[in-house]
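Since this is a predicted model, take the numbers as computed values, not measurements.
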Amino acid sequence: MLCAVAALPGVTAAADGPASYAFAPDAVPVTGTAGTADAPPRLEPGRTYLGSLPVNGRLYYRLDLDRTSTAYVPVTAVPPARATVSATDGIRVSVRDAHGGSCSYAAARFGGALSPRPVTALGQREAGRTSCRGAGAYYLLVERLDSGSPGSAGGSPAAGSGRPWDLEIACSRTGTVTAASPGTPSPSAHH
């Protein structure tokens with residue numbers, strides 16, 4: 001089972017977001033938690049979710065998976081249109097089992113264009129692998145990579161870096177990745 005997350009109505013995407021990115025009109029608002037012990041919201045397959053990712057954010061969401069399905073969770077982050085970003089800013093997404101073991105890892109960064117455009121990273125749990133193969137609770141961890149934010153290695157805060165980024169999270173399972181919203185660039189993910 002897999003899910004996708006998108007921005008909440010009225011936050012940065014509505015006020016400052018790029019006009020070319022369209023969030024799913026039927027997306028459900030969701031708020032991630034700071035840890036797995038905080039009862040993260042459960043993401044259902046076939047649904048799209050909207051949320052936001054704060055500066056230095058690390059948010060968890062729960063996935064309940066069976067033993068045989070492959071799950072895909074594309075996560076798109078949309079910074080404010082006027083935000084200043086560095087080449088190394090972006091998001092990191094991982095799926096973890098109930099004991100904290102990593103099933104997958106991907107990162108997407110803005111790169112040399114230094115454009116505050118949407119970036120997408122894919123979390124997944126592949127059926128049939130020796131690790132992460134049992135049924136039960138798994139966790140999607142979404143982390144913001146922001147080199148210019150206070151407390152981060154990399155320098156002084158960039159203009160706009162202190163604002164939340166909108167998120168779109170979509171869930172799917174068994175070999176089908178949910179299509180990205182119109183205007184989404186190809187993800188530059190690293191596994």
Student: If you define the side chain from C-beta out and look only at heavy atoms, does anything of L63 sit under 4.5 Å from R125?
Tutor: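 No. Closest side-chain heavy atoms not under 4.5 Å.
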
Student: Taking all non-hydrogen atoms of both residues, which atom of C132 and which atom of G101 are closest, and how far apart?
Tutor: SG-O, 4.4 Å

Student: Distance from F23 atom CZ to T48 atom OG1, nearest 0.5 Å?
Tutor: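 F23 CZ to T48 OG1: 11.5 Å, rounded to 0.5 Å.
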
Student: Could you state the interatomic distance from OG (S104) to CD (E126), rounded to the nearest 0.5 Å?
Tutor: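 Separation between the atoms: 8.0 Å.
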
Student: Please check if V55 and L145 belong to a single hydrophobic cluster, counting links between Ile, Leu, Val, Met, Phe, Trp and Tyr side chain heavy atoms closer than 4.5 Å.
Tutor: no

Student: Do you know which two heavy atoms are closest between P80 and W165, and how far apart they sit?
Tutor: CD-CD1, 3.7 Å

Student: Check side-chain hydrogen bond (donor to acceptor under 3.5 Å, both in side chains) between Y60 and all other residues, then give those that pass, not counting sequence neighbours.
Tutor: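 Applying side-chain hydrogen bond (donor to acceptor under 3.5 Å, both in side chains) to Y60 gives R58.
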
Student: Using modelled atom types and a 3.5 Å cut-off, is there a donor and acceptor pairing between side-chain atoms of T70 and backbone atoms of A127?
Tutor: yes

Student: How close do A121 and V93 get, counting heavy atoms only, and between which atoms?
Tutor: CB-CG2, 3.7 Å

Student: How many angstroms lie between atom CD1 of I91 and atom CG of D146, to the nearest 0.5 angstrom?
Tutor: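 Here the interatomic distance stands at 12.5 Å.
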
Student: Within the structure provided, determine whether D66 and R173 are in side-chain contact (heavy-atom separation under 4.5 Å).
Tutor: yes

Student: Rounded to the nearest 0.5 Å, what's the gap from CZ on R163 to CZ on R82? Could you check?
Tutor: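 Reported value, rounded in 0.5 Å steps: 7.0 Å.
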
Student: Does one hydrophobic cluster hold both L141 and Y105, with members joined at side-chain heavy-atom distances below 4.5 Å?
Tutor: no

Student: Donor-acceptor check, side chain of R109 to backbone of A87, threshold 3.5 angstrom: yes or no?
Tutor: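 Between the backbone of A87 and the side chain of R109 there is no qualifying donor-acceptor contact (under 3.5 Å).
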
Student: side-chain contact (heavy atoms from CB on, under 4.5 Å) with R144: which of L59, L53, D89?
Tutor: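 Among L59, L53, D89, the one that satisfies the side-chain contact (heavy atoms from CB on, under 4.5 Å) with R144 is L53.
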
Student: Would you compute the distance between atom CZ of R62 and atom CG of L140 and round it to the nearest 0.5 angstrom?
Tutor: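 With rounding to 0.5 Å, CZ (R62) is 13.5 Å from CG (L140).
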
Student: Looking at side-chain heavy atoms only, is the closest gap between P116 and T84 below 4.5 Å?
Tutor: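 Side-chain contact under 4.5 Å: no.
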
Student: Identify the two heavy atoms, one from T33 and one from G35, that lie closest to each other, and give their separation to 0.1 Å.
Tutor: OG1-O, 2.9 Å

Student: To check you understand the geometry: which heavy-atom pair defines the closest contact between D97 and C103, and what is its length?
Tutor: N-SG, 3.9 Å

Student: For Y138 and L65, which heavy atoms make the closest approach, and how far apart are they?
Tutor: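 Here Y138 and L65 meet closest at CD1-CD1, 3.6 Å.
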
